[in-house]
Trainee: 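Here you go, one structure.
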Amino acid sequence: MPLPKSFYDRDPADVARELLGKLLVVDDKLRGRIVETEAYYGLSDPASRAFKGKTKLSRWMWEDAGSAFVYMVHGYWLFNVITEREGKPSGVLIRAVEPVEGIDYMIERRGTENPKNLTSGPGKLTIAFGITGKDNGTKVYDGHSRIVIEKGEMARFKIATSGRIGVREDLPEHLRFFVEGNKFVSR
DNA sequence: AGGAAGATCTACT
DNA sequence: GTAGATCTTCCTA
């Protein structure tokens, strides 16, 4: 069962923290455990795609909680889930997952057999899972969607935080969350 | 037409 | 570990 829409209708930092350990599922055959996330706010966050207002690309950030927002940067697609109510842009970037199921497909798409290099980065995991701009607007709380996020079980783990990676201008708060010691975290 | 963007890969010290 | 090239759209001029 996918996580309910209400799970995403909250502050993105809370959602980012609690998405750790959850399962990203695509086409019911590719599964990955989320081990690294980042929260992004809207108009008040210079690193957010919504900062400069609605454009053809960023308009997906104004969708309702639990919608997919896929953005391309430097030739790679990055997968985000929108948080908070419709009309209030914010979201969570999925930065890394740990491969769980469908590893053969991931190896084929990524062109490498090194499991550590399959999904250990935001641009890598979209390639491994076959996620592109066409998936914009997908409702990840709807069981019929191609992309959903499920509860999943994971042994106890410790959550660490840091500033966000790669952004030109970060906010003072720590908005990156990751599973401490997990080898699939991007760095 | 040119540049920016939340990254990755490769080839070195 | 760090440095540089290169990746693809869309946005702004």
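In the text below, chain A, chain B and the rest are named by the order of the sequence lines, each starting its count at 1. As the structure is a prediction and not an experimental result, all values here were calculated from the model.
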Trainee: Measure CD1/Ile94(A) against P/dA7(B) and give the value in whole Å, please.
Mentor: 14 Å
Trainee: Answer with yes or no whether the side chains of Tyr41(A) and Asp11(A) bring together a donor and an acceptor at under 3.5 Å.
Mentor: yes
Trainee: Can a side-chain donor-acceptor contact be found between Lys139(A) and Ser67(A) if the only test is distance below 3.5 angstrom?
Mentor: yes
Trainee: Within the pair Lys52(A) and dT12(C), is there a side-chain N or O less than 4.0 Å away from OP1 or OP2?
Mentor: no
Trainee: Looking at Thr55(A), does any N or O in its side chain come under 4.0 Å of the phosphate oxygens OP1/OP2 on dC11(C)?
Mentor: yes
Trainee: Output the rounded distance in Å from CD (Glu169(A)) to P (dG6(B)).
Mentor: 11 Å
Trainee: Respond yes when some side-chain nitrogen or oxygen of Arg187(A) is under 4.0 Å from OP1 or OP2 of dT2(C), and no when none is.
Mentor: no
Trainee: Taking any strand in view, what nucleotide pairs with dA5(B) in a Watson-Crick or G-U wobble way, both distances under 3.5 Å?
Mentor: dT8(C)
Trainee: Testing Arg164(A), Lys183(A), Arg187(A), Arg176(A) one by one against Glu36(A) for a salt bridge (Lys or Arg N to Asp or Glu O under 4.0 Å), which residue passes?
Mentor: Arg176(A)
Trainee: Quick one: on DNA chain B, does Gly166(A) or Asn117(A) contact a more 5' nucleotide (nearest heavy atom)?
Mentor: Gly166(A)
Trainee: Lys54(A) has an atom NZ; how far is it from atom P of dC11(C), in whole Å?
Mentor: 14 Å
Trainee: Round to a whole Å and report the spacing from CG of Asn136(A) to P of dT9(C).
Mentor: 13 Å
Trainee: Calculate the interatomic distance between Leu118(A) atom CG and dT8(B) atom P; express it in whole Å.
Mentor: 13 Å
Trainee: Heavy atoms only, 4.0 Å cut-off, all strands: where does Arg176(A) land among base, sugar-phosphate and nothing?
Mentor: nothing
Trainee: Closest approach of Pro89(A) and Leu43(A), non-hydrogen atoms and distance?
Mentor: CG-CD2, 4.4 Å
Trainee: Starting from C1' on dT8(B), measure out to CD1 on Ile165(A) and report it in whole angstrom.
Mentor: 13 Å
Trainee: Report yes or no: is there a donor-acceptor pair, N or O only, under 3.5 Å between the side chain of Arg49(A) and the base of dG6(B)?
Mentor: yes
Trainee: Among residues 56-91 of chain A, which residues get a heavy atom nearer than 4.0 Å to DNA chain C?
Mentor: Lys56(A), Leu57(A), Met72(A), His74(A), Gly75(A), Trp77(A)
Trainee: How far does OH of Tyr40(A) sit from CG of Asp45(A), to the nearest 0.5 angstrom?
Mentor: 7.5 Å
Trainee: Tell me: CD of Glu38(A) to C1' of dA7(B), nearest whole Å?
Mentor: 12 Å
Trainee: Is the closest side-chain donor-acceptor distance between Asp9(A) and Tyr141(A) under 3.5 Å?
Mentor: no
Trainee: Nearest-Å distance, CG (Leu93(A)) to C1' (dA7(B))?
Mentor: 11 Å
Trainee: Hey, are the side chains of Asp135(A) and Trp77(A) touching, using non-hydrogen atoms and a 4.5 Å cut-off?
Mentor: no
Trainee: Any side-chain N or O of Arg168(A) less than 4.0 Å from the OP1 or OP2 oxygen of dA4(B)?
Mentor: no
